[in-house]
2 protein chains.
Amino acid sequence: MHDLSATFPSIAHDSGGLPLYRVVKRSLLRAIESGACPAGEALPSEATLAASFGVSIGTLRHAVDELVAEHILVRRQGLGTFVALHTEDRFLFQFFHVERSDGLRGAPQVELVSFARVRIEEEEALALQVRPGDPAFQMDNRLLLQGRAVIHDRITLAANNFKGLTERRLRERPSTIYHLYQTEFGITVTQARERARAVAADRTSARLLGLPAGAPVLQLRRTALTFGDRPVEYRVSTVNTTQHDYVQLLSRPV
Amino acid sequence: MHDLSATFPSIAHDSGGLPLYRVVKRSLLRAIESGACPAGEALPSEATLAASFGVSIGTLRHAVDELVAEHILVRRQGLGTFVALHTEDRFLFQFFHVERSDGLRGAPQVELVSFARVRIEEEEALALQVRPGDPAFQMDNRLLLQGRAVIHDRITLAANNFKGLTERRLRERPSTIYHLYQTEFGITVTQARERARAVAADRTSARLLGLPAGAPVLQLRRTALTFGDRPVEYRVSTVNTTQHDYVQLLSRPV
DNA sequence: CCCAATTTGTTCGTATGTATA
DNA sequence: TTATACATACGAACAAATTGG
């Protein structure tokens, strides 16, 4: 980050009635979004940022507070403020909502079952806000928890957001798939919207999960969003809930 | 609220390493919990509270900020700060997570199907932290959304928390059941933990929801908690998800 | 092991703006 | 209009955590 005043420009005190700290927040978001502060990197110190924006330290902190609440920034006392990384931890606590019925929670072991370049179908196109028939990647994963096949994921990505994605790069990623989006394609998933329902397992899911076809399974339809609520991933998860539950964690201040 | 300094006593600046604003927060919680500030009532103004606690207004606001984030207090500019009420709105956005697949959201129409005083079973006793066999109330509700029977709720309450509860009082409540807990029994539900899974509908649920027995339905097991994470309600919801979804709303700052 | 520099965390106080009754 | 209450913005000082010498 070379040019402070270009990345964090001084802010006029009257920006359309919006409170100053919101203007600062938007400005910070733009900087993060644009890649000026790569994920995992520390931002300039609060004092520096406040000076650069031309606002008080309290106002700057107010803006950062909200971004921290949204898991976009992470503060570490004595170290600095960082753009949140999609490490395994963040994945687990923010985006992965299946755990064993006794409460045991762990990272899934992922098996890539299929990978293909396809023309996108209606349902997926609607979720990703592209036109039906547009090029897309579609993959099927089988997720094992505590050694048992529990989840079948079908993931759809618009091809234009993930140029150069190959089965090999998927297989060889060292961490979570959201970490791959972030580091390889500059796409940070900030939020996911999920809807759940119970359905009878179709043949594919039943086979992958070792269930009889027609068994009741939990179906999750997730749209993952990046900055500005822009959809970047659509995922249908089929969960064998005989020994596992779907749990939305509440992350509240204690 | 007569005696300010008794309800909001001056706080020592060193309380076991805990930050001052957390001590203030705990003190506020105790006051709310004890009923010194009845639900729906305005608290004393921030300036008054800060003076009573002997802390700065910024510190007091920090404490209130957290309670607002937890939906325990509600601020209204120009009016005051209020203990959150279990109105229909709050119920809908915080505790009711089923909506039609097209996103239409509305308050359910509730039909009380059965009400009984029972000895509590193992599963319910565990959730409510009482002994199996202790006296309890158990009721079955059928919930209609947009005119269709969508949810079957079986609710269990420890009898000692709801002394004097009768079928009549349940039927004649004017608002949500959580509002009844709050106004009639002084129990404010602050939080709920839910686990979802897909199961085959049992006979009772199938009948109430107009489904064939064995149809895949969503089963929610919810423990509702009051202050201090004390469990007060256990509920098993069975949801017909053919036209409705389970959705956990995310309430984030924009 | 301690020290110094850096950074966030907490606390204080004040002034002004905005919404409500 | 006025009084009250929360919302925003400013600035300063010290505490606590981390890192590196």
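Computed from a prediction, not measured in an experiment: that's the story for all the values here. Order of the sequence lines fixes the chain letters, A, B, ..., with proteins taken first and strands second; residue numbering starts at 1 for each chain.
In this entry the distance linking CD1 of I11(A) with C1' of dC10(D) reads 15 Å, nearest Å.
Under the 3.5 Å distance criterion, with hydrogens and angles disregarded, no donor-acceptor pair is assigned to the side chains of Y246(B) and E194(A).
Considering only residues two or more places apart in sequence or on other chains, H179(B) meets the ring-ring contact (aromatic ring centres under 6.0 Å, His included) condition with none of them.
Figure legend: cation-pi geometry between R222(A) and Y234(A) absent, as NZ or CZ is not positioned both under 6.0 Å from the six-membered ring centre and within 45° of its axis.
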Where protein sits on nucleotides 7-13 of chain C, one letter per nucleotide: B base, S sugar-phosphate only, - none, heavy atoms under 4.0 Å: BBSBSBS
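Considering every non-hydrogen atom in both L180(B) and R169(B), the closest pair reads CD1-O, 4.2 Å.
Taking the ring centroids of F95(B) and Y178(B), they lie under the 6.0 Å cut-off.
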